[in-house]
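Each remark here refers to the structure printed beneath this line.
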Protein chains: 2
Amino acid sequence: MGDGPPPQMGQSLLFLTDEQLRKGIEAMFFAYRGFTADPDRILAEKSYGRAHHRAIHFIHRSPGTTVNNLLSILGVTKQSLNRVLRTLIEDGLVESTVGTRDKRERHLQLTAEGAGLERALSDAQRDRMRAAYRAAGPAAVAGFRQVLEAMMDDETRHHYEAMKEKVE
Amino acid sequence: MGDGPPPQMGQSLLFLTDEQLRKGIEAMFFAYRGFTADPDRILAEKSYGRAHHRAIHFIHRSPGTTVNNLLSILGVTKQSLNRVLRTLIEDGLVESTVGTRDKRERHLQLTAEGAGLERALSDAQRDRMRAAYRAAGPAAVAGFRQVLEAMMDDETRHHYEAMKEKVE
DNA sequence: CTTGGAAAGTCAATAAAGCTGACGTATTGT
DNA sequence: ACAATACGTCAGCTTTATTGACTTTCCAAG
């Protein structure tokens, strides 16, 4: 592409050519499609969308989280989240309970049925992730995570880091 | 989370726990947001969306590609692509020329102005990708690509592989 | 040379998912 | 008492996608 690197440039610098970067960009684009394909199929059957999936995922991850918290993690407006949340509550997948310490807050958690859907969704996604991990091996997985973390916005990384230490 | 792995399990198998997989899933979600953030800002100024970006990217990558080809790469319907393509042609960013061998086909290419926008968009995205690559190092980048490729759908990987050998 | 089908473009209707702005209610904390 | 917070909701809008139906142009096989 355009001006290639001078021939004497070593492998350690060569990996940052525009071509390498373009391939990384396309890999990201195509892989993300694979990443969402399986859950999307399940969601389509129940006529939910990705927005529902995201809400379910993060409620599962942090049971009892508040609406505001979810809002900042998902980076959407209150109105957008509310439309999704309302259908999930109506359908009996999510439960909203008034806060004890602060009664203005609503604590969100999955019902048994909601947890069931979460399982189905994350099983599908985990299967693909597991297969990719197995195919690539532990060293590749470490690199994968390193690059992804470096790619996040500072603010976004904050949400990610917050959960990293929860279990490990 | 739930049932952890037995304590005697070694590091080489331990990396496939549900927790590790969940972190991979979230890393993917958050990183993709970072990945699209910079181009999205530029596109918003010109009131274009991601669909325009994708069309511009792949027309740049494969100048002279046909509408049908683009359709299969992007995985959208003809109508969706056509709306995007029409505005890009009207705005003078993309040129559509009747095929010489088969006059039913239209060959798409970027105009000088279109190439300019492509530059701006991919520069922004490359900058972030470059920074992430630098931070993580060549070994991590190799792993990153390996996992992403393993995560693609078979059909999708086909489109990706088709371009891999074009330059290198 | 006719005809079937492919490539492209278009019209209309619909839906998911986001946005802004404005308001109301309950509750908390100063 | 009063300002601020957390939540919910109403209305209206935009983007991006969908499906279905249809036309024009054109290639190629019978």
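Letters A, B, ... are given to chains in the order of the sequence lines, protein chains preceding strands, and every chain is numbered from 1. When reading the values below, keep in mind they use all heavy atoms of this one structure, side chains included, and skip hydrogens, waters and symmetry mates.
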Checklist entry - Quick one: is D:dT16 close enough that its OP1 or OP2 comes under 4.0 Å of any side-chain N or O from B:H52? => result yes
Checklist entry - If you measure from the Lys or Arg side-chain nitrogens to the Asp or Glu carboxylate oxygens, is any gap between B:R145 and B:E149 under 4.0 Å? => result yes
Checklist outcome for this item: As a check of understanding: the bend across the helix from C:dC1-D:dG30 to C:dT30-D:dA1, end axes from five pairs, rounded to 10 degrees, works out to 20°
Next on the checklist: Between B:E118 and B:L110, is there a side-chain heavy-atom distance shorter than 4.5 Å?
Outcome noted: yes
Checklist entry - Between the base of D:dA17 and the side chain of B:R83, is there any donor-acceptor pair under 3.5 Å? => result yes
Checklist entry - What nucleotide, of C:dA8, C:dG18, C:dT28, holds the atom closest to the side chain of B:N68? => result C:dA8
Next on the checklist: Between B:R33 and A:D153 (salt bridge meaning N to carboxylate O under 4.0 Å), is one present in this structure?
Outcome noted: no
Checklist entry - Rounded to whole angstrom units, what separation is found between the CD1 atom of A:I89 and the P atom of D:dC7? => result 11 Å
Going by atom type alone, with no hydrogens or angles, which donor-acceptor pairs under 3.5 Å involve a side-chain atom of residues 78-89 of chain A and a protein atom two or more places apart or on another chain?
unit_1	atom_1	unit_2	atom_2	d
A:S80	OG	A:T77	OG1	3.1
A:T87	OG1	A:H52	NE2	3.3
A:T87	OG1	A:V84	O	2.9

Item to check | Nearest-nucleotide 5' precedence on DNA chain D, B:G49 against A:K78 | outcome: A:K78
Item to check | Spacing of B:Y48 atom OH relative to D:dA17 atom P, expressed in whole Å | outcome: 15 Å
Checklist entry - Can you tell which of C:dT28, C:dC19, C:dG5 lies closest to the side chain of B:R104? => result C:dG5
Item to check | Gap between atoms CG and P, on B:L71 and C:dA6 respectively (whole Å) | outcome: 15 Å
Next on the checklist: Salt bridge or not between B:R119 and B:D127? Use side-chain N to carboxylate O under 4.0 Å.
Outcome noted: no
Checklist outcome for this item: Residues passing the ring pair (Phe, Tyr, Trp, His ring centres under 6.0 Å) test with B:F29, sequence neighbours excluded, are A:F58
Item to check | Nearest-Å distance for atom pair NZ/P, residues B:K103 and C:dG5 | outcome: 24 Å
Checklist outcome for this item: Of D:dA6, D:dG8, C:dG18, the nucleotide closest to the side chain of A:R54 is C:dG18
Next on the checklist: Test your reading of the model: is there a side-chain donor-acceptor pair from A:T36 to the backbone of A:Y32, 3.5 Å cut-off?
Outcome noted: yes
Next on the checklist: Taking donor-acceptor contacts at under 3.5 Å, does the side chain of A:Q79 reach the base of D:dG12?
Outcome noted: no
Checklist entry - B:L81 CG to D:dT19 C1': how many Å, rounded? => result 16 Å
Item to check | Separation of atom CZ in A:R33 from atom C1' in D:dA17, rounded to whole Å | outcome: 14 Å
Item to check | Nearest-nucleotide comparison on DNA chain C, the residue closer to the 5′ end among A:V84 and A:T100 | outcome: A:V84
Checklist entry - Can you check the B:H107 NE2 to D:dC26 C1' distance for me, whole Å? => result 13 Å
Next on the checklist: With nearest nucleotide decided by heavy atoms, which residue, A:V76 or A:R106, maps closer to the 5′ end of DNA chain C?
Outcome noted: A:V76
Checklist outcome for this item: Comparing A:N82 with A:D102, nearest DNA chain D nucleotide closer to 5' gives the residue A:D102
Checklist entry - Quick one: A:D40 CG to C:dA16 P, roughly how many Å, whole number? => result 14 Å
Checklist entry - Is it true that A:E26 and A:K23 have a side-chain N and a carboxylate O under 4.0 angstrom from each other? => result no
Item to check | Side-chain N,O (B:S80) to OP1/OP2 (D:dT18) below 4.0 Å | outcome: yes
Checklist outcome for this item: Among the nucleotides C:dA8, C:dC11, C:dT27, whichever has the atom closest to the side chain of B:R86 is C:dC11
